[in-house]
Amino acid sequence: MKAVAIKAYGDINNLHEIELGVPELAEDEVLVENYATSVNPIDWKARLGYLKEAYSWEFPVILGWDTAGVITQVGAKVTNFKIGDKVFARPDIYADGKRGTYAQYVAVKEDKLALKPDEITFEEAAAVPLAGLTALQVVVDRLHVKKGDKVLIQGGAGGVGLFAIQIAKHLGAYVAATASKKNHEFLKSLGADEVIDYHEAKIGTVLSNYDAVFDTVNAIDDGLAILKENGRLVTIAGKPSVEQKASSKEVSGWRMQPNGKQLKELGDWIVAGEVKVVIDSVYPLTTAGLRAAHKKSQSGHARGKLVIKVK
Ligand SMILES: NC(=O)c1ccc[n+]([C@@H]2O[C@H](COP(=O)([O-])OP(=O)(O)OC[C@H]3O[C@@H](n4cnc5c(N)ncnc54)[C@H](OP(=O)(O)O)[C@@H]3O)[C@@H](O)[C@H]2O)c1
């Protein structure tokens, strides 16, 4: 099968098309013919070697952790999915470094899968798992956002931030977000009540007494400054310091967990029109396509998701 892999850690020129065998299935896995995947910031961070400590991958390493496609094989212990099902998932990260989703076939554990809603395309579905699950898990499970809460999403125009704004609105919150000026009207069209240009204003001079802050840009002190006593901040981009943790406000980090049930819930919200999938741009599964997508992601100014069309 065709895949795009890194042959060494470093800049985008290390991304290359390669040929390798289709993944062998474990009993609890299905094989997905991959129609689309997406690029997340973890991909270029991994390319640069930031995950070296966590995974001792051998090159070539296939990156990518979103898939949408059609099941072509099922393992012996798979009970809830069958050949021909259209699915989407955030697969696990495997120790061999050969199981990323920049590839024509992807092996996925059954419990990470959800059926792709017929109402959305494979490209839209591939834009959802990693970013959407992160947003859902932080806004719902960690920040416990409820009707009437005042919530700030730092980094509202990003892949995660756009899902977070819409999920918080769906739960009935008053939602503020930070973004560059060019994105303000767009964020308001998706439900943000107030958008602050982080280039021009410190949010502490504009907002106060907030119940919850979702930090996707590593600006923990800025977030803490607007929280009320006992308010909660969750960061996915920074590491809270000892001083920040000692604050009277609740500060924690979060790492997303792949989860098929929650992905189905997100799919239901998308079908109901509560959450829209925002795609910045679509690239082909080629050396040039992945290099361009990584460049855009690393710029830090994608608006929504960067999708790779595989089939
Ligand atoms: N811990 C986890 O499990 C987990 C999961 C997913 C993502 N992450 C991390 O979370 C971060 C965000 O992910 P993502 O996919 O949303 O990234 P992304 O799509 O690349 O985010 C790009 C957006 O960030 C905004 N931005 C950049 N600097 C900003 C700032 N100082 N203040 C406000 N907005 C700013 C830009 O908005 P403008 O163009 O409007 O400036 C742009 O729209 C990344 O570091 C990623 O690695 C962690």
Side-chain angles (χ1 to χ4, degrees), residues 37-51 54 63-66 90 92-93 126-139 141-143 152-167 175-190 192 194-204 206-207 213-223 225-226 233-240 251-259 262-263 266 277-281 292-307:
T37 178
S38 92
V39 168
N40 294 283
I42 181 114
D43 302 14
W44 60 258
K45 292 177 186 177
R47 191 194 76 229
L48 289 172
Y50 292 10
L51 302 185
L63 305 173
W65 290 286
D66 279 315
R90 193 300 209 161
D92 291 319
I93 301 180
V128 176
L130 194 154
L133 284 173
T134 306
L136 183 154
Q137 289 169 1
V138 171
V139 173
D141 300 341
R142 310 294 300 175
L143 290 172
L152 170 69
I153 313 294
Q154 290 173 288
V160 177
L162 285 167
F163 282 115
I165 289 171
Q166 298 180 80
I167 293 169
V175 180
T178 55
S180 298
K181 199 145 229 107
K182 66 178 188 321
N183 289 322
H184 286 204
E185 286 314 310
F186 182 65
L187 266 54
K188 285 183 182 165
S189 77
L190 290 177
E194 195 172 345
V195 188
I196 295 119
D197 184 354
Y198 63 91
H199 302 284
E200 288 188 354
K202 271 267 188 212
I203 50 175
V206 186
L207 308 177
V213 172
F214 182 5
D215 168 39
T216 77
V217 295
N218 193 14
I220 299 174
D221 282 332
D222 289 349
I226 70 150
L233 180 148
V234 173
T235 181
I236 56 164
K239 199 166 175 232
V251 189
S252 62
W254 178 246
R255 195 158 166 203
M256 70 82 52
Q257 306 296 316
N259 182 316
Q262 287 183 323
L263 194 52
L266 265 174
V277 179
V278 179
I279 294 177
D280 176 288
S281 37
H294 270 233
K295 191 172 173 192
K296 178 78 188 202
S297 179
Q298 205 171 344
S299 77
H301 293 289
R303 184 171 88 176
K305 295 287 308 174
L306 305 168
V307 168

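Being a predicted model, the structure only gives us computed values, none of them experimental. Values reported hereafter were calculated over all heavy atoms of this structure, with side chains retained and with hydrogens, waters and symmetry mates removed. First listed ligand is number 1; within each ligand, the first listed atom is number 1.
Heavy-atom proximity to Thr216, at under 4.0 Å, picks out these atoms of ligand 1: 10 (O), 11 (C), 12 (C). Under a 4.0 Å criterion applied to the non-hydrogen atoms of Trp254, ligand 1 contributes the atoms 1 (N), 2 (C), 3 (O). Listed by number with element, the atoms of ligand 1 under 4.0 Å from a non-hydrogen atom of Met256 are 2 (C), 3 (O). Near Gly300, with a cut-off below 4.0 Å to any heavy atom, the atoms of ligand 1 are 22 (C), 23 (C), 24 (O), 25 (C), 26 (N), 27 (C), 36 (C), 42 (C). Atom numbering of ligand 1 starts at 1 in the shown order; those under 4.0 Å from a heavy atom of Ser180 are 38 (P), 39 (O), 40 (O), 41 (O). Counting atoms of ligand 1 from 1 in the listed order, those under 4.0 Å from a heavy atom of Ala302 are 22 (C), 23 (C), 42 (C), 43 (O).
A donor-acceptor contact under 3.5 angstrom links the side chains of Asp141 and Gln262, judged on distance only. Inspection of the Gln137 and Gln257 side chains reveals no N or O donor paired with an N or O acceptor under 3.5 Å. Using modelled atom types and a 3.5 Å distance limit, the side chains of Arg47 and Gln298 yield a donor-acceptor pair.
For atom 5 (C) of ligand 1, the closest non-hydrogen atom of the protein is Thr134 OG1, 3.3 Å. Looking only at protein heavy atoms, the nearest one to atom 8 (N) of ligand 1 is Ile236 CD1, 3.6 Å. Counting protein heavy atoms only, atom 19 (O) of ligand 1 is closest to Gly159 N, 2.8 Å. Among all non-hydrogen protein atoms, the one lying nearest atom 47 (O) of ligand 1 is Lys45 NZ, 2.8 Å.
When Ala157, Ser38, Pro41 are ranked by how near their heavy atoms come to atom 13 (O) of ligand 1, first place goes to Pro41. Comparing Val138, Val160, Val39 by heavy-atom distance to atom 16 (O) of ligand 1, the nearest is Val160. Of the listed residues (Ala179, Gly155, Gly158), the one carrying the non-hydrogen atom nearest atom 23 (C) of ligand 1 is Gly158. When Phe163, Tyr50, Trp44, Tyr198 are checked for heavy-atom proximity to atom 33 (C) of ligand 1, Tyr198 turns out nearest.
Ala131 does not count as a contact of ligand 1, since none of its heavy atoms falls under 4.0 Å from the ligand. Heavy-atom separations between Asn183 and ligand 1 include at least one value shorter than 4.0 Å. For the pair Leu130 and ligand 1, a heavy-atom separation below 4.0 Å is found. Residue Lys182 places a heavy atom less than 4.0 Å from ligand 1.
Screening Asn218, Asp215, Thr216 against Thr235 for a side-chain hydrogen bond (donor to acceptor under 3.5 Å, both in side chains) leaves a single residue, Asp215. When Leu143, Ile153, Ile167 are each tested for a side chain to side chain contact (heavy atoms under 4.5 Å, CB included) with Val138, only one passes: Leu143.
Although no hydrogens or angles enter the test, the distance criterion places a donor-acceptor pair under 3.5 Å between the side chain of Thr178 and the main chain of Gly155.
Interatomic distance, CG of Leu63 versus OG1 of Thr37, reported as 10.0 Å (0.5 Å rounding). For the atom pair OG of Ser180 and CD of Glu200, the computed distance is 10.0 Å after rounding to the nearest 0.5 Å. A distance of 12.5 Å separates OG1 in Thr134 from CZ in Arg142, rounded to the nearest 0.5 Å. For the atom pair OG of Ser38 and CG of Asp43, the computed distance is 7.0 Å after rounding to the nearest 0.5 Å.
Contact check on Lys305 versus Asp280 returns no salt bridge, with no Lys/Arg side-chain nitrogen under 4.0 Å from an Asp/Glu carboxylate oxygen.
For ligand 1, the polar-atom distance check against His301 finds a nitrogen or oxygen pair separated by under 3.5 Å.
The shortest distance between side-chain heavy atoms of Lys202 and Asp222 falls below 4.5 Å.
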